[in-house]
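Below is one structure, written out as C-alpha cells; comments come after it.
Just the heavy atoms: all of them, side chains too, but no hydrogens, waters or symmetry mates, feed the values below. Start at 1 and go down the list; that is how both ligands and their atoms are numbered.
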Amino acid sequence: MQRRKFLESSALAGSAFLFSRGRSFASTADAHVEILLDEPIGTIAPTIYGHFTEHLGGVIYDGVWVGENSKIPNIGGVRKTIVERLKAIKAPVIRWPGGCFADSYDWRDGVGPRDKRPRRTNFWVEDPDAKRLNGTPVQLYETNAFGTDEFVRFCRLSGAEPYLAANLRSLPPLDFDRWVEYCNSPAGSTTLADLRAAGGSREPFGVRYWGVGNESWGCGGSFTPEEYAAEFRRFTTWVPSYGTDLAYIGSGPNNNDLEWTRGFFHKLNGGRPVFEDRLFGWSVHYYTWNLSRGKTDNWVEGKGDALNFDVTDWYELFQQGLMMEQIVTDQWGVLGEFDREHRVKLVVDEYGPWYRPGTEVDPTHLLGQQVTMRDAVHTAMTLDIFNRHADKVGMAACAQLVNCLNALFLTHEDKFAITPNFHVFDLYSVHQGAESVRAHFSAPPIHYSRDGKPAQLAGLNGSASRREKTLNVTVVNPSADSPRDTEIAVRGGTVSSASANILSASDLHAHNTLDHEEVSAPKQTDLTLRGGMVAVTLPPASVSKITIMLS
Ligand code: AHR
C-alpha cells in the first residue's frame, strides 16, 4: 500500500496520529516506519534462510569439502570454518547437489568406499566460463569424493536439514525411489541400508525435502510444463516414505513464467485441486543480472560487473531485485487457482545477483564472483520480501553458499573470508520462526538517471517480526549517499528500549578478499526514544536490524 493511501485509511488513522505527535516533539525525521502489531502475516519459516551448494567450480571442492587428510582444519573432511559460521547464523536447510548438475548426477556414484567411486565429467565442463581453465581438469571432472554421506554429514554438523535435488532428466524414477531408500530405509532392512551403514551411517538419514528435478524447462530436460507434470507424477507416485514425512518440491518457473506454473498444475491433475499431499513446494528461480546498459542483451557478455559499477548500476540492481515481490505475488495467485487452501508454498531456491566472470578469487571457481556491499543490500531486500510474504514463501536458498554467485564465504586452499552477505544472514537470523507483522516504510523516493531518463527507487525497504516482547525490524537504506533520519512507531504496543546493529561501509564497492577485510561486522548501538518512537539514523548504503523491546 502506498503511504498516501495508507494515511487515507481510517483504520490506520492511529498510526498517522503517532507521527503527528512525533512532529510536535520537533521531529526532524525524513523517513518513517510504522509497525502494526495487530496485523500478523504469518510465521516466518526458518527455512526461508536456506543455502545452496552445487558441484560447480569451487563450491564443493575447495569450498565445503577439503578431505579428511587435509591440513586445513576440517571435521570429517568438511571445512571447519564454514560449519562454525553456518551454526552461528542458524542455517536451517542446504540444497544439493544442484542446480543443473543435479540432472546429470547419479547418486550411486557418490556412495560406497571413496577410493572406489568413479570419476565423471561434470555438467559444467562446457560452460563458457570453463574456457578460461584451458582444459585444466580441476572442477571439470567429478571425483565423487563428496557424495550423499558427506553432504548429510555437512548438514548435520552445521545444524541444517538436507534438501536433495533428484535427477529427473537422465535417470529413471526407480533411481529416485532407490535414493530415498538409501537415505531413509531402516537400519538393516535393505541392501541399500546396509551400504549406508558400511559408509558409517547405520541409522536412516530421514531426508525430508526432495526436489523433483531442477529447471525442468531448461538444463533439467527442456520439458514443456505438461511433459514435466507427467514426469513429476511418475517420479513421485507411491514412493515409500519409511516413516519420514516426505516433502516434494516441484521444478517451478524461470523468473515469473506464469504459463509454466499454470501448465504444470493444470496437467498434474486435470485442472482439479492439487491432490498430492507430499507436494510441499513450488520452486522459483530468479537471478538479477544487472545487464550493462545500452550495450548488449547477451546474458553472458551483457551482465554487469561485480566490482566495477556506477551509481546507476547500484540502483538498477535493486530495481531488478525488487521484481522478486511481483514474482512471489503473481506465482502465489496462480497457485491459488489450483490449490485454494494454499497447501503448496513457494520455494525460492535460487536467487541473487549474477555477474560476468572476472572477479572470482581463483580461476577454478566457475561462476565465482566478488560480493560487495551492493550485494549485501540486495540480499537484505530479498530476505525482507520473503519475510513480508511469510504466508507464501515456505523455503528459500541463496545461490550459492561459497565461491560462487552471491556467496557468504570465499575460500581457496587454507584461506577463508566471509562476505558482506554473511553479515546480512547473521543480522536476519532473528526472524527465523518469529511472527511476521505488517510494517510500512516511507521515505522520499531516490531519484536517479537511467540512460538519460529519470528513474526512481523506494527510499526505504524492510520487514518486521515479533517474538513475545521482542520486535525486530530489518531495514535497508539503499541511498548511495544520503543517511535517513528515521522514526519507528509501534502500533498496538509500547516501546521500552531499542538498539540497532548496522552494517555499512564508506565505499559502495567495499568487499572482502582472502587477504583483506574491508567490510567488518555490524556495529551495535543503543537508540533513543522520541515521543514513544524509536529514533535511528540509517547510514547510506546500509542494512540494519533494530531490536525493540516492548513493555
Ligand atoms: O546457480 C547456478 C545455476 O543457475 C544452477 O545450476 C541452475 O539451476 C541455474 O540456472
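Neither the backbone nor the side chain of F101 has any atom closer than 4.0 Å to an atom of ligand 1 (non-hydrogen atoms only). Residue contacts with ligand 1, taken as heavy atom pairs separated by less than 4.0 Å, do not involve F123 at all.
The pair R108-D175 meets the salt-bridge criterion, with a side-chain N (NZ, NE, NH1 or NH2) lying under 4.0 Å from an Asp/Glu carboxylate O.
Neither side chain, Y209 nor E161, offers a donor N or O lying under 3.5 Å from an acceptor on the other.
M373 and L503 get closest at one heavy-atom pair: CE-O, 3.9 Å. In terms of heavy-atom proximity, Y428 sits nearest to D384 at OH-OD2, 2.8 Å.
Looking only at distances, no side-chain donor or acceptor of D257 sits under 3.5 Å from a matching main-chain atom of N254.
Of all protein heavy atoms, the one closest to atom 10 (O) of ligand 1 is E215 OE1, 2.8 Å. Of all protein heavy atoms, the one lying nearest to atom 1 (O) of ligand 1 is Y287 OH, 2.7 Å. With respect to atom 6 (O) of ligand 1, the closest heavy atom belonging to the protein is E54 OE1, 2.7 Å.
Partners of W210 under the ring-ring contact (aromatic ring centres under 6.0 Å, His included) rule, at least two apart in sequence or in another chain, are F176, W179. Residues that satisfy the ring-ring contact (aromatic ring centres under 6.0 Å, His included) test with F318, not counting sequence neighbours, are W314.
The contact set between ligand 1 and N214, taken as ligand atoms under 4.0 Å from a residue heavy atom, comprises 8 (O). Within ligand 1, counting atoms from 1 as listed, the ones closer than 4.0 Å to a heavy atom of C100 are 5 (C), 6 (O), 7 (C), 8 (O).
At least one N or O atom of E350 sits closer than 3.5 Å to an N or O atom of ligand 1. Below 3.5 Å of separation, one finds no N or O of W124 facing any N or O of ligand 1.
At least one heavy atom of F52 sits less than 4.0 Å from an atom of ligand 1.
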